[in-house]
Amino acid sequence: MADFDKLFEQFKTAAEAVSAQVYRVKDLNEAGSLLSTLVEEDGAKKLAAASSPMVDKCLNTANLNIEVKTDDLRKNAEDADFGLSELDMAVAEIGSLQQDCTDLNKRLVSMLPHTHVAIVRTDSLVANLLEAMAKIDEIKDNIPGYMAFITGPSRTADIERVLTIGVHGPVKLKVIFVDNPGGDSNE
Amino acid sequence: MSNRIRAKINKALNDDNLRGALGRFANDYLGSRAKAYKGRNFEDLRDIIAERKNCSAQKMEELAQQFKKNAEARGAKVFIAKTAEDAKKYILDVALANKVEMVVKSKSMASEEIHLNKLLQENGITAAETDLGEWIIQLAGQTPSHMVMPAIHMTRDEVADYFSKETNQNLSPDIPQLVQVARQELREKFLTAGMGISGANAAVAETGTLAIVTNEGNARLTTTLPPIHVALVGMEKLVEKFTDVGSVLECLPRSATGQQLTSYVTMITGANPTNLSDGTVGTKDMHIVLMDNGRTQMRDDEKFNQALQCIRCASCLNVCPIFALVGGHVYGDVYTGGIGTILTAFFNDFDDAGELQNLCIGCERCKEVCPGKIDIPGLILELRNRVTAKQGMPTSQKFLLNTVLPNRKLFHSMLKVGSKTQKPFVSDNKIRHLPLFLAGMTEGRSLPALAETPLRDQLYRLAKPKKSKAKIGFFGGCLVDFVYPELGKAANKVLKNMDMEMVYPLEQACCGVPAGHLGATDAHRKMAKQNIEAFEKANVDYVVTVCPTCTSSLKHEFVELLKDDPAWADRAEKFADNVFDFVEFVAKNTNDGKDLGLKSIKESVTYHDSCHLRRHLGVIEEPRNLIKEGGMELKELQWPDRCCGFGGSYSIRYPELSQPIMDAKLEDITNTGAETLSTACPGCMMQIGGGLDNKKSSINVKHVVELLADRLTD
């Protein structure tokens with residue numbers, strides 16, 4: 001059994017070094033209340049979410065007094081402040097997240113809003129990129145149509161090589177690790 | 001070199017913004033690259049990439065068919081384009097058939113290669129570049145100056161001006177604000193464009209998957225929002241297996257920008273859900289154009305096929321001393337730098353590339369950092385050979401290379417005449433001014449005067465050991481023989497202290513590098529034979545030189561030149577086995593100098609790595625160990641392995657490039673506060689010594705062999 005505490009710490013250090021914020025919660029109830037806090041702190045007015053088991057549970061327990069949209073996301077993600085989606089794997093060494101985002105909604109909410117909140121299982125952590133690639137390689141005969149590795153918010157250094165966070169994709173990336181998502185958890 | 005390129009060079013050299021940005025980047029890059037690779041074995045990683053990419057290149061057509069089959073099974077349409085024209089026609093037809101008015105593009109060098117934007121615009125289709133750097137240069141009507149950072153040559157003020165004009169606002173040169181303006185302006189375009197065009201960093205044959213590496217998120221939007229996606233992919237991007245993408249990802253961001261991974265890696269297989277133009281969700285109209293355009297021709301070329309191992313990280317540009325001075329515009333409008341010259345020759349214009357190859361100074365730093373293990377300087381030399389073969393060589397140069405260099409006596413007598421006529425210009429044994437046409441040679445640098453008596457005429461005075469353990473053939477080379485004979489004498493002193501006898505076969509000729517590097521392969525080969533014969537006759541145990549350029553010609557290039565000649569191949573191999581650079585030879589045979597019995601004499605010394613000694617011959621620690629063994633304090637340069645700007649005849653052909661490189665070296669040397677600059681190459685000595693003299697510096701310049709000889713008794 002992998003040492004997820006250690007992998008999480010590694011992830012956190014690496015992801016924070018590329019300007020992501022990293023959180024860890026016990027279950028989806030806690031994830032919900034953390035989401036409420038993050039929304040409140042930010043002053044966000046609208047959240048667009050790509051429905052998935054973890055996202056749905058999280059939204060159910062969150063106490064959000066803002067506009068929450070899960071449909072017609074091409075329109076609704078564009079002017080949302082927050083986008084919420086579930087990610088499939090986390091790569092500890094380099095602070096990257098991996099997602100099967102063949103589902104268009106997952107792409108829209110992780111690309112268009114100002115802030116992307118990513119929920120991911122703690123036990124999905126793998127040590128490094130090659131390990132993640134090897135896992136995907138196992139399903140290559142049925143490889144997802146659209147996959148992404150996401151490492152921090154979007155960035156550029158195209159003007160005078162000055163690092164600037166937030167170009168075409170999200171300006172902020174907040175990652176919530178969930179230890180025990182319930183139901184099918186291994187723990 | 002044509003006046004056109006010369007003019008571009010001068011323009012670049014006078015552009016302070018460009019010089020500043022490139023210079024700062026050249027320094028910062030090395031640190032961030034090293035940090036990103038920390039804990040990884042770069043050599044192992046690049047072995048894998050070179051092997052995987054080479055294996056894929058060998059079966060490019062087969063992989064293209066496999067990719068096509070797999071991607072089409074997942075709903076994409078795949079078109080294999082033989083030429084740039086085929087690719088352009090296909091893409092234009094898709095756009096016209098779908099009445100596309102605006103295209104959003106994420107960065108694609110392949111589309112630059114075929115000048116796709118121009119074609120679209122001519123047909124009334126707006127093509128908006130969405131990579132920030134590409135958008136900036138598009139608004140400015142310019143071309144990229146760097147493959148990864150297209151607008152590195154521009155300042156925030158210039159960007160603010162172009163953005164202000166584009167958006168009818170008065171924007172201040174505040175970078176975060178400018179980036180936000182780009183986000184807003186381009187977001188609108190993403191949402192309304194009828195087609196997205198992207199490139200790809202890898203195309204996996206076994207799955208039909210495209211992998212795209214970006215930081216800004218524009219490729220994700222380009223491939224997601226518009227209902228049509230066209231990916232234009234050079235066939236060299238094809239890899240056999242999905243796991244090959246992992247190998248590329250281990251190096252590409254680290255080498256390109258010093259990142260462990262870019263913000264986004266997108267992997268697309270087939271046609272995916274998208275919002276159609278009526279707003280409903282449907283399946284994307286997905287097109288993939290696999291473009292040949294010279295790539296299979298490159299693959300079929302036994303010398304150049306390794307260039308297909310390029311992953312377009314541009315690290316060869318980032319470490320190139322010439323690129324750091326002039327930037328990309330000098331190299332033309334698509335692929336820049338050393339690798340760009342090679343790609344241009346096959347994908348765009350052989351004659352352009354033929355001219356550009358002259359810019360390479362041959363320092364080989366690029367070869368050291370290339371994740372594809374491409375011998376970029378070697379390929380540039382090969383390009384030079386082919387240009388020479390195609391265009392011929394000027395008669396005067398031919399006479400010099402074919403007649404004078406192999407004939408030591410003739411060369412010598414010509415130089416003797418030269419050394420007499422140079423008298424009026426010599427003071428303190430340095431040439432300070434030369435008449436008119438040679439004036440460029442002394443720009444910013446004094447040249448050493450030719451020796452009164454060349455080494456070959458001083459041999460009778462050389463002392464011999466009482467008992468000889470081995471007979472060493474000394475190869476002088478032009479600079480030692482005629483300019484620095486004292487280095488030969490110092491070598492003799494050191495060898496004598498090692499109980500070895502040094503002999504100097506008089507039939508030896510030039511090492512042939514000046515000829516070889518001008519594309520005169522036949523002349524080089526002729527000198528190889530003459531030298532091998534001379535040393536065979538002398539019946540020596542080893543051959544040593546104090547010039548690393550000569551060493552690498554004798555040890556490596558002779559073998560290569562003669563490998564297809566049955567009468568000579570074995571002789572060249574046997575000869576090469578016993579050739580050593582002097583410093584390496586001494587370190588090896590004296591336990592890093594410990595057995596030499598050096599007197600400890602205090603001296604603060606800094607050391608400059610000659611490009612050829614360090615990178616051709618891999619001799620790095622030996623000279624440093626010898627210096628320390630001689631009781632000297634070694635004060636390292638900040639950038640010991642950076643070229644001094646000599647590059648043989650380069651410094652004469654392009655003084656305007658050679659000099660600023662030398663100036664940076666001189667500054668680094670001066671900053672150490674050392675009394676003596678040591679190096680193990682007479683060419684570097686001539687360049688650096690001349691530069692220091694010109695600046696009236698009191699720093700001594702000594703070859704490592706001299707430092708050793710100073711600490712030995714006769």
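Residue numbers start from 1 in every chain, and the chains themselves are labelled A, B, ... in the order their sequence lines are given, proteins ahead of strands. What you see below is based on every heavy atom in this structure, not just the backbone, and it leaves out hydrogens, waters and symmetry mates.
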Winner by heavy-atom pair count (cut-off under 4.5 Å) against chain B, out of A:Ile165, A:Ile143, A:Val171: A:Ile143

Value rounded to 0.5 Å, distance of NZ in A:Lys140 from CD in B:Glu206: 3.5 Å

Region of B:Ala151 in contact with chain A, defined by heavy-atom distances below 4.5 Å: both

Between CD1 on residue A:Ile159 and CD1 on residue B:Ile152, distance to nearest 0.5 Å: 13.0 Å

Nearest atoms (heavy-atom pairs only) where A:Phe149 meets B:Leu261: CB-CD2, 4.2 Å

From CA spacing to verdict: side-chain contact (heavy atoms from CB on, under 4.5 Å), B:Gln260, A:Thr151: CA-CA 9 Å; B:Gln260 292 187 307; A:Thr151 312; over 6 Å; no

Value rounded to 0.5 Å, distance of CG in B:Leu221 from CG in A:Leu108: 9.0 Å

Interface moiety of B:Ile136 toward chain A, non-hydrogen atoms closer than 4.5 Å: side chain

Top of B:Asp131, B:Thr209, B:Thr130, B:Asn272 for chain A proximity - count of heavy-atom pairs under 4.5 angstrom: B:Asn272

Interface moiety of A:Ser96 toward chain B, non-hydrogen atoms closer than 4.5 Å: side chain

Residue pair B:Pro273 / A:Asp103, side-chain heavy-atom distance below 4.5 Å: no

Best-contacting candidate, B:Met149, B:His153, B:Glu250, B:Arg187, against chain A by heavy atom pairs under 4.5 angstrom: B:Arg187

Residues, nucleotides or ligands: over 12 heavy atoms within 6.0 Å of A:Glu40 CD: no

Chain A contact residues among residues 277-286 of chain B, heavy-atom distance under 4.5 Å: B:Val281

Toward chain A, the part of B:Thr214 with a non-hydrogen atom under 4.5 Å: neither

A:His114 versus B:Arg183, closest heavy-atom pair with distance: CA-NH2, 4.1 Å

Residues of residues 239-246 of chain B within contact distance of chain A, non-hydrogen under 4.5 Å: B:Phe242, B:Thr243, B:Val245, B:Gly246

Crowding at NZ, B:Lys77 (>12 non-hydrogen neighbours, <6.0 Å): yes

Test item: B:Arg220 and A:Ser110 side chains (from C-beta on) under 4.5 Å apart, heavy atoms: yes

Contacting moiety of A:Glu93, where chain B heavy atoms sit under 4.5 Å: both

Nearest heavy atoms of B:Ser263 and A:Ser154, plus distance in Å: OG-CA, 4.2 Å

Proximity breakdown for A:Pro153 and chain B, heavy-atom pairs closer than 4.5 Å: backbone

Interface moiety of B:Arg156 toward chain A, non-hydrogen atoms closer than 4.5 Å: both

Residue A:Leu112 versus chain B: region with a heavy atom under 4.5 Å: both

Gap separating the CZ atom of A:Arg161 from the CZ atom of B:Phe25, nearest 0.5 angstrom: 5.5 Å

Shortest non-hydrogen contact from A:Pro170 toward B:Tyr264: CD-OH, 3.2 Å

Per-residue contact mode, B:Gln184 against chain A (heavy atom under 4.5 angstrom): neither

Proximity breakdown for B:Glu158 and chain A, heavy-atom pairs closer than 4.5 Å: neither

Contact class of B:Leu225 relative to chain A, heavy atoms under 4.5 angstrom: both

Nearest atoms (heavy-atom pairs only) where A:Met111 meets B:Thr224: CE-OG1, 3.2 Å

Candidate pair A:Met133 and B:Met267, rule side-chain contact (heavy atoms from CB on, under 4.5 Å), full reasoning: CA-CA 11 Å; A:Met133 290 296 284; B:Met267 296 182 186; 3.7 Å; yes

A:Arg155 versus chain B, the contacting section by heavy-atom distance below 4.5 Å: both

A:Arg74 to B:Leu191 - nearest heavy-atom pair and separation: NH2-O, 2.9 Å

Side chains of A:Thr164 and B:Leu178 in contact at under 4.5 Å (non-hydrogen atoms): no

